[in-house]
Amino acid sequence: MTFINDILTKVWLGLKSLKDERGQDLIEYALLGGLIAAAILLVTSFFTGAIQSMAQGIGNCIDFSDNTLCDPDPF
């Protein structure tokens, strides 16, 4: 009977230790960072053409030559 009692005590203490919240904030920050990284990758892959077009338009405006026209929107 003590064997079963010991096993049940170990199981109870194991379940009780699951309520321990140490490291919970680290996991939450890691999940939040992963979500932000996934959103950035999704946005940049979805708007790749628009971002390249915008960068090229900005590059046309920053030519440092007096004879070029600034046309940030080539469309």
Side-chain angles (χ1 to χ4, degrees):
M1 192 65 145
T2 53
F3 178 70
I4 294 174
N5 192 16
D6 289 342
I7 291 177
L8 290 176
T9 303
K10 287 181 183 181
V11 168
W12 175 254
L13 291 175
L15 289 175
K16 194 173 180 183
S17 70
L18 289 177
K19 294 181 181 181
D20 190 13
E21 295 181 4
R22 289 182 293 171
Q24 178 182 358
D25 55 344
L26 181 64
I27 293 172
E28 289 173 355
Y29 285 127
L31 289 173
L32 184 62
L35 182 65
I36 291 171
I40 289 172
L41 287 175
L42 180 67
V43 167
T44 55
S45 66
F46 187 71
F47 293 114
T48 302
I51 292 172
Q52 286 177 350
S53 173
M54 181 183 67
Q56 186 174 4
I58 292 171
N60 290 339
C61 289
I62 308 176
D63 194 10
F64 299 114
S65 179
D66 292 335
N67 58 1
T68 58
L69 293 175
C70 180
D71 187 15
D73 189 16
F75 298 106

Who else is in I40's hydrophobic cluster (ILVMFWY, side-chain heavy atoms under 4.5 Å, direct or via others)?
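The other cluster members (ILVMFWY side chains, heavy atoms under 4.5 Å, direct or chained) are L32, I36.
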
Quick one: name the residues clustered hydrophobically with I27, using the 4.5 Å side-chain heavy-atom rule over I, L, V, M, F, W, Y, and just say none if it's on its own.
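The other cluster members (ILVMFWY side chains, heavy atoms under 4.5 Å, direct or chained) are L31.
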
Would you compute the distance between atom CZ of F46 and atom CG of L41 and round it to the nearest 0.5 angstrom?
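One finds 15.0 Å between CZ of F46 and CG of L41.
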
What pair of heavy atoms forms the shortest contact from I51 to T44, and how long is it?
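The answer is CD1-CA, 4.3 Å.
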
E28: side chain to side chain donor-acceptor pair (under 3.5 Å) partners, not counting sequence neighbours:
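Once residues adjacent in sequence are excluded, the partners of E28 under the side chain to side chain donor-acceptor pair (under 3.5 Å) criterion are Q24.
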
